[in-house]
Amino acid sequence: MADVYALLDTWIEHVKDPELLAELTKLKEDGDTGAITDAFFQDLEFGTAGLRGTIGAGTNRMNIYTVGRATQGFADYLNQTFDNPTVAIARDSRNKGELFVKTTASILAANGVTSYIYPKISPVPTLSWATRYLNCSGGICMTASHNPAPYNGYKAYGPDGCQITSEAAAAISAAMQATDPFADVKTMDFDEAVEQGLVRWIDDSCLDAYYDAVVAKSVNNLTDEQVAQAPLKLVYTPLNGTGLIPVTEVLKRVGVTDITIVPEQRDPDGNFPTCPYPNPEIREAMQKGIELCQEVKPDLLLATDPDADRVGVACADGDDYTLITGNEMGVLLLDYICKMRLERGEDLSHKVAVTTIVSSAMVDALAQEYGFEMRRCLTGFKYIGDIITGLSDAGEVDRFIFGFEESYGYLSGDHVRDKDAVNASMLICQMAQYYKLQGLNLVQAMQELYKKYGYYHNRTVAIAYPGAEGADKMASIMVNLRNEVPACIAGMKVESVVDYKDGVNGLPKANVFEYDLEGGNKAIVRPSGTEPKIKLYIFATGKDAAEADSLLDAIEKGGRELLS
């Protein structure tokens, strides 16, 4: 472990930012070993998801110096790889986002790299779009997705609009390791960079083209008369993030105009005052919307996370509102897309859908029903993006019909190479109209699919291991799992174990374990790439919902014991 006290003294000596310097000085005065260690025990790791961490002072924090070091490494990589490189940059509503964008652009400019910047907050998918639309060498988005308010992040993209490859991440990381954050980072005045044309603002034509591309991915077959018979009534919340303008604009273009916005979560606010965790996967984040739904009585509640790459949905279910899981929405959308394409007379036998190894097995039943090819990849939408890019390179991108991951990320086109909540929101609303004509909401539609294909239930459990001690414990747990294979989990025999450390079925190497249990049940264990957590993915199939949920409860209990 690094000498955290020596690093603290070095930072106090060199840091010029008054806010960071005050924080460092207080750390020194308080002498809290735990706090000092947590701030300096490691450098924020730069991987295919870039950087992510809590905002503050130290090598293990998001600040202008860690951002600067990453940017210098990225600039070195770009100049070695491209002639006259350019980068598209965006930010969501997170605190310090604008500061980090200007810091990044100033460093890129000093290294001769031109930046194209969205002048206002903008979702992740619009950054992926701009990278390709403007023919940039790479992209950067300041976002921590759905993490709590103290977080921010630095998401890096390649020229294909997909998160950077492992090879690029390794090269950038190596360049960072050789960079002193105080002595080796080149920079220039931001306004001077603008004057010299090394920083340019992205104009509205780029966003308009993105909106056009999203609308073009509609598979809606309803006539105007049918839509008039089932007008959609929507409550929407952007969760104080970036989704308000792009989501409502696209919905307006496809005729969805009866939209009530959750007032407390309408405006961008990096403090996310209504919920500590602005994640549409959890009920707490959706609660304000659910309360409004009790008054408005809409057909559905729609919520996008702060960077508008994930979307969550809730619908009336008796006297309450039920949240549709990421796996359920993935199944619903894939089934809907196939139905609509078949209605148009399309042959699905050459089509490709993509999901991850931790997503629902129910999609395999859909693939058998409709005849399309189902591909699975590692967790992380970049791997779905890689498959889309591979199809594009082979001249077969029209084969791709849908990609999703269980953590509420969806994409139905090749216009971007990351999950797109704007695209998904359009599809979800049009799907809701389709089912409304049949007298069903989306919760009821999912129940019909369960009755047809079987009760495939899933659950994701995230177990936190904070701080330096937690990092050591996480590493120890993963080593122990590799050395000691359990015979049973929750009383169910472990029939086989798949260790992805050397790559499986052509997939990249990954620190992931898959436990196949008797009865067709399963548990998958993987450390989070962006948070100090180990994630446990549970899969159970029952004769009905109650049996499937009972099996999930049992496997969760056994999995928690395994990871304690």
- Item | Cationic N near anionic O, under 4.0 Å, K419 to D305 | no

- Query: Does T248 use its side chain to pair, donor to acceptor, with the backbone of L244 at less than 3.5 Å?
  - Reply: yes

- Item | Side-chain H-bond candidate by donor/acceptor type, D92 with T242, under 3.5 Å | no

- Cation-pi geometry met for K351 and F372 (6.0 Å, 45°): no

- Item | N-O pairing of K297 and D258 below 4.0 Å | no

- Stepwise, does the side-chain contact (heavy atoms from CB on, under 4.5 Å) test hold for V512 with V525? CA-CA 6 Å; V512 176; V525 175; over 6 Å; no

- Message: With a 4.5 Å cut-off on side-chain heavy atoms, are M446 and I324 touching?
- Response: no

- Do the charged groups of D335 and K339 touch, with an N to O distance under 4.0 Å? yes

- Message: If you count heavy atoms of other groups shown closer than 6.0 angstrom to CD of E369, is the number above 12?
- Response: yes

- Message: Does I245 have more than 12 heavy atoms from other residues, nucleotides or ligands lying within 6.0 Å of its CD1?
- Response: no

- Please tell me if the side chains of I261 and P238 come closer than 4.5 Å, counting only heavy atoms from C-beta onward. yes

- Item | Test item: D299 side-chain N/O and K436 main-chain N/O as donor-acceptor pair under 3.5 Å | no

- Query: Do any N or O atoms from the side chain of S550 and from the backbone of A546 form a donor-acceptor pair under 3.5 angstrom?
  - Reply: no

- Message: Any heavy-atom pair between the side chains of C136 and Y157 that's under 4.5 Å?
- Response: no

- Is the closest basic N to carboxylate O distance between R132 and D160 below 4.0 Å? no

- Message: Does any part of the side chain of N458, heavy atoms only, come nearer than 4.5 Å to the side chain of T325, both counted from C-beta?
- Response: no

- Can R91 and T143 be said to form a side chain to side chain donor-acceptor pair (under 3.5 Å), step by step? CA-CA 6 Å; R91 62 183 172 93; T143 174; over 6 Å; no

- Yes or no on side chain to side chain donor-acceptor pair (under 3.5 Å) for R526 and N511, after CA distance, side-chain angles and deciding distance? CA-CA 6 Å; R526 62 174 282 269; N511 193 14; over 6 Å; no

- Query: Are N220 and S218 close enough, and set up right, to give a side chain to side chain donor-acceptor pair (under 3.5 Å), and what steps lead you there?
  - Reply: CA-CA 6 Å; N220 178 46; S218 169; 5.1 Å; no

- Quick one: does I538's side chain get under 4.5 Å of L536's, heavy atoms only? yes

- Between the main-chain N or O of G385 and the side-chain N or O of T389, is there a donor-acceptor pair closer than 3.5 Å? yes

- Task: Please report the C-alpha distance between D414 and K217 in whole Å, then the side-chain angles of each, then the deciding distance to 0.1 Å, and finally whether the salt bridge (charged side-chain N to carboxylate O under 4.0 Å, His left out) criterion is met.
- Result: CA-CA 9 Å; D414 67 318; K217 305 307 174 186; 3.4 Å; yes

- Query: Does any donor atom in the side chain of N147 or R52 lie under 3.5 Å from an acceptor atom in the other side chain?
  - Reply: yes

- Item | SB check K452 E448 (cutoff 4.0 Å) | no

- Message: Any non-hydrogen side-chain atom of V494 less than 4.5 Å from a side-chain atom of V497?
- Response: yes

- Note: I489 and G559 closest approach over all heavy atoms is CG2-N, 4.2 Å

- Is M492 close to L551 at the side-chain level, that is, under 4.5 Å between some pair of heavy atoms? yes

- Query: Any side-chain donor-acceptor pair under 3.5 Å between S425 and Y236?
  - Reply: no

- Task: Kindly say whether K543 contributes a backbone atom to a donor-acceptor pair with the side chain of E547 at under 3.5 angstrom?
- Result: yes

- Note on the structure: On a heavy-atom basis, the closest approach of A545 and Y455 is N-CD2, 3.6 Å

- Query: Can you check whether A316's main-chain N or O pairs, donor with acceptor, with N441's side chain at less than 3.5 Å?
  - Reply: yes

- Query: Does any donor atom in the side chain of S407 or R310 lie under 3.5 Å from an acceptor atom in the other side chain?
  - Reply: yes

- Task: Sort and list the pairs that fulfil salt bridge (charged side-chain N to carboxylate O under 4.0 Å, His left out) and have at least one residue in residues 320-331, not counting sequence neighbours.
- Result: R283-D320

- Message: Regarding K155 and D309, does a basic nitrogen lie under 4.0 Å from an acidic carboxylate oxygen?
- Response: yes

- Task: Could you tell me if the ring centre of H457 sits under 6.0 Å from that of Y450?
- Result: yes

- Task: Check the pair V352, V354 against side-chain contact (heavy atoms from CB on, under 4.5 Å), reporting the backbone distance first and the verdict last.
- Result: CA-CA 7 Å; V352 175; V354 188; 4.0 Å; yes

- Message: Please determine whether side-chain contact (heavy atoms from CB on, under 4.5 Å) holds for the pair N327 and Y456, giving the CA-CA distance in whole Å, both sets of side-chain angles, and the decisive distance to 0.1 Å.
- Response: CA-CA 10 Å; N327 275 311; Y456 296 82; over 6 Å; no

- Provide the full list of ring-ring contact (aromatic ring centres under 6.0 Å, His included) pairs with a residue in residues 314-365, sequence neighbours left out, each pair given once. Y336-Y434

- Task: Sequence neighbours left out, what passes side chain to side chain contact (heavy atoms under 4.5 Å, CB included) with T274? Give chain and number order.
- Result: N240, E264, Q265, K288

- Query: When you check the side-chain N and O atoms of R341 and Y370, is any donor under 3.5 Å from an acceptor?
  - Reply: no

- Message: Checking H415 against D420: is there a side-chain donor and acceptor pair closer than 3.5 Å?
- Response: yes

- Salt bridge between R253 and D212, side-chain N to carboxylate O under 4.0 Å? yes

- Task: For the pair R459 and D553, find out whether any cationic side-chain nitrogen is under 4.0 Å from an anionic carboxylate oxygen.
- Result: yes

- Return yes if a side-chain donor-acceptor contact under 3.5 Å exists between N505 and Y500, otherwise no. no

- Item | Heavy atoms from other residues, nucleotides or ligands near CG of D347 exceed 12 (cutoff 6.0 Å) | yes

- Message: For the residue pair N152 / N95, report whether a side-chain donor-acceptor contact shorter than 3.5 Å exists.
- Response: no

- Ignoring hydrogens and angles, state whether a donor on the side chain of E284 or Y277 is under 3.5 Å from an acceptor on the partner side chain. no

- Message: Ring-plane angle category for F404 and F402, please: parallel below 30°, perpendicular beyond 60°, tilted otherwise.
- Response: parallel

- Minimum-distance pair of heavy atoms, taken over all atoms of S93 and G241: OG-CA, 3.4 Å

- Item | Validation row: P298, C293 side chains within 4.5 angstrom (heavy atoms) | yes

- Task: Please determine, by modelled atom types, if T356 and E406 share a side-chain donor-acceptor pair under 3.5 angstrom.
- Result: no

- Decide whether S128 and D418 meet the rule of one side-chain donor and one side-chain acceptor closer than 3.5 Å. no

- Query: Could you go step by step and tell me if Y515 and I524 meet the side-chain contact (heavy atoms from CB on, under 4.5 Å) rule?
  - Reply: CA-CA 6 Å; Y515 300 95; I524 295 179; over 6 Å; no

- Do any N or O atoms from the side chain of R417 and from the backbone of W129 form a donor-acceptor pair under 3.5 angstrom? no

